[in-house]
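One structure is given below, encoded as structure tokens.
The basis for the numbers below is simple: all heavy atoms, side chains too, and nothing from hydrogens, waters or symmetry mates. The chains referred to below are lettered A, B, ... by the order of the sequence lines, with proteins before strands, and numbering in each begins at 1.
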Amino acid sequence: MHTEGSDELRVEGIEKIKAVRIEKLEGLRSAGINPYPYRFEVSHKIDELITTEAALTEAKTMLSIAGRIMALRGHGATTFGHLEDRTGRLQFYVRRDAVGDAAYRHFKLIEVGDIIGIRGTLFRTKTNELTLRVDDYSVLTKALRPLPEKWHGLQDKELRYRQRYVDLIVNPSARDVFYTRFRLMDLMRQFLLDRGYLEVETPILQPIYGGASARPFVTHHNALDIDLYLRIADELYLKRLLVGGLEKVFEFCKDFRNEGIDRAHNPEFTMMECYSAYEDYTDYMDMVEEMLRTIAGELTENGKVTFRGDEIDFNTPWTRIRFFDALEQVIGLDFRQMGMEEMLDVASRYQIDLDKITSPAKGLDLIFSEAVEPTLVQPTFVYDYPKALSPLAKDHRSEPGLVERFEPFIGGFEVGNAFSELNDPQEQRARFEEQAAMRSLGDEEAHMIDEDYLRALEYGMPPSAGLGLGVDRLVMIFTDSNSIRDVLFFPQMRPESR
RNA sequence: GAGUCGCUAGCUCAUCCGGUAGAGCACUUGCCUUUUAAGCAAGGGGUACUGGGUUCGAGUCCCAGGCGACUCACCA
């Protein structure tokens with residue numbers, strides 16, 4: 001790319017800044033220095049230097065670290081700067097008489113944002129800052145663009161989301177969120193592996209979508225000439241594996257739902273779904289409680305997190321309340337025997353759009369979301385849901401009209417969904433047919449009839465508990481993030497114009 | 001989807017009632033061998049999101065569009 005030439009003087013703005021940096025890059029090349037070499041021998045990460053300083057200084061150990069230059073302060077024949085690697089930030093000190101005239105001259109072609117490796121020994125400056133005295137350095141990567149302002153960092157949320165790589169360079173708080181995210185996923189994975197679960201993978205491209213109520217993305221396979229759906233859940237595949245005898249399985253499942261984007265929703269998001277043969281939903285309430293207590297214990301000092309100003313405590317046993325009891329507790333009415341008219345009256349008190357109440361079950365669902373959910377700040381299980389809302393859950397063993405289902409709530413957020421899994425193939429077929437009827441009435445989110453899944457159930461699926469946890473939402477709670485975009489590296493955005 | 005707010009230098013932000021578009025950081029140049037938010041000094045850098053309109057004159061007022069943020073409504 002040749003942007004220079006006769007009108008070089010007219011190159012301004014970011015192009016001018018890049019041109020200057022390219023000029024320095026060429027300066028390095030003409031001095032025989034490759035600005036993009038292949039490797040560098042790193043002896044220590046910066047946090048190791050900090051923690052083992054005394055021994056290293058005592059032994060005058062020759063050290064090497066690598067990272068990005070975040071600050072430079074030149075003073076003629078000396079230069080101070082800060083180098084940052086994944087573990088921390090360290091001051092370095094370059095002297096002309098230590099590195100030599102030529103190397104010092106070439107060092108002037110290095111600037112903030114470049115990645116370098118340095119070798120030297122530790123000392124403390126007269127202001128007592130731990131510093132690496134540089135004997136020798138290597139340019140590792142020349143950067144052509146300047147970093148954002150060092151004090152305020154990158155503030156513009158749009159830029160932070162679109163150019164996450166820059167956000168991660170300059171905003172430590174952004175890095176922290178993602179370290180927490182992936183540590184949480186590791187802890188969840190280890191918790192399940194420790195209990196004999198097998199981590200599996202199931203299809204993302206599915207000929208029939210199911211396992212949740214949502215509109216899917218559709219794509220097309222050319223060779224087979226069929227439409228395929230990006231999965232909205234992996235539930236029905238994991239339960240096929242239970243039929244196959246795998247007994248305990250889980251998957252970190254990227255799901256895709258073709259719906260709106262807002263603070264709590266991204267078109268692709270991550271669920272963790274797990275299933276265990278010979279257990280039921282009460283076992284899984286215990287497990288979820290223990291899992292989150294374990295995770296909170298590892299991620300926090302005291303098992304407590306602050307989310308939107310509320311302190312959430314994972315140490316104490318969770319509140320467990322039945323769906324209708326929760327409604328009664330908040331609203332003061334028994335919804336079990338309530339007629340449609342009275343329900344509509346209640347719904348109108350909570351500013352619910354009455355047109356959305358297409359069935360008694362839907363009305364209960366909406367009233368619950370509006371009136372009860374926001375009150376469930378401390379970890380709470382709501383259980384024993386109306387059957388009509390749960391086509392994949394098993395009938396309640398003693399209460400007709402209910403299913404053995406629970407949802408964990410934290411910080412006013414629904415963070416998951418679990419049940420004793422319906423494994424009666426005839427009952428499942430009947431439930432699918434109800435869904436199909438709703439579909440034909442125009443409910444695009446109702447389930448499709450999955451004949452292969454029914455065939456699998458006909459071979460026999462052991463009594464099982466199943467659970468889906470919304471990973472993104474849990475990360476939001478553990479990082480006190482207000483938006484799902486803050487816990488996804490690359491949230492979905494409209495394409496940049498131009 | 002609705003409402004509110006925002007978009008000015010690479011970044012962070014000013015520009016008061018419509019009157020020549022400014023600062024800090026970054027960058028360039030000079031000086032400087034323990035500095036540190038930024039050593040000291042000087043200098044360069046602008047399609048004010050886009051397109052219309054009003055006006056002698058628009059970053060500023062009006063209209064339309066683009067992108068985003070926040071709040072609300074719905075789905076995890």
* Measure centre to centre between the rings of A:Phe250 and A:Phe191, then say whether the value is under 6.0 Å. => no
* Round to the nearest Å and state the distance from A:Leu72 atom CG to B:C27 atom C1'. => 13 Å
* **Ring centroid separation A:Phe107 to A:Tyr137 under 6.0 Å** => yes
* To do: Verify whether the ring centers belonging to A:Phe368 and A:Phe323 lie closer than 6.0 Å.
  => yes
* Can you figure out which of B:U33, B:U34, B:A26 approaches the side chain of A:Pro146 most closely? => B:A26
* Asked: According to the interplanar angle, ranging from 0 to 90°, do the rings of A:Phe406 and A:Phe381 count as parallel (below 30°), tilted (30 to 60°) or perpendicular (above 60°)?
  -> perpendicular
* Within the pair A:Lys150 and B:C11, is there a side-chain N or O less than 4.0 Å away from OP1 or OP2? -> no
* **Ranges pairing with ranges for RNA chain B, where each run has three or more Watson-Crick or G-U pairs under 3.5 Å** => B:1-7 with B:66-72, B:10-13 with B:22-25, B:27-31 with B:39-43, B:49-53 with B:61-65
* Check whether the side chain of A:Gln91 and the base of B:U35 form a donor-acceptor pair under 3.5 Å. => yes
* In whole angstrom, give the distance that lies between atom CD of A:Glu370 and atom C1' of B:C72. => 10 Å
* Syn/anti state for B:C17 [syn: chi within 90° of 0] -> syn
* To do: Identify, between A:Asp97 and A:Leu147, the residue whose nearest nucleotide on RNA chain B lies closer to the 5' end.
  => A:Leu147
* Structure fact -> Ordered by number, residues from residues 466-479 of chain A within less than 4.0 Å of RNA chain B (heavy atoms) are A:Arg473
* To the nearest Å, how far apart are A:Gln155 CD and B:G6 P? -> 18 Å
* To do: Could you tell me whether A:Tyr284 and A:Tyr275 have their ring centroids closer than 6.0 angstrom?
  => no
* When the ring centroid of A:Phe419 is compared with that of A:Tyr281, is the distance short of 6.0 Å? -> no
Close N/O contacts between protein and nucleotides 3-5 of chain B (under 3.5 Å):
none

* Asked: Per the atom types in the model, does the base of B:U35 pair as donor or acceptor with the side chain of A:Thr125 at under 3.5 Å?
  -> yes
* To do: Would you state whether a donor and an acceptor, one from the side chain of A:Arg96 and one from the base of B:U33, lie under 3.5 Å apart?
  => no
* Asked: A:Tyr453 vs A:Phe432 aromatic rings, parallel, tilted or perpendicular, using cut-offs 30° and 60°?
  -> perpendicular
* To do: Would you please classify the geometry between the A:Tyr229 ring and the A:Tyr209 ring as parallel, tilted or perpendicular, with 30° and 60° separating the classes?
  => perpendicular
* **A:Glu149 and A:His152 side chains, donor-acceptor separation under 3.5 Å** => yes
* To do: Assess whether one donor atom and one acceptor atom, taken from the side chain of A:Asp262 and the base of B:C74, lie less than 3.5 Å apart.
  => yes
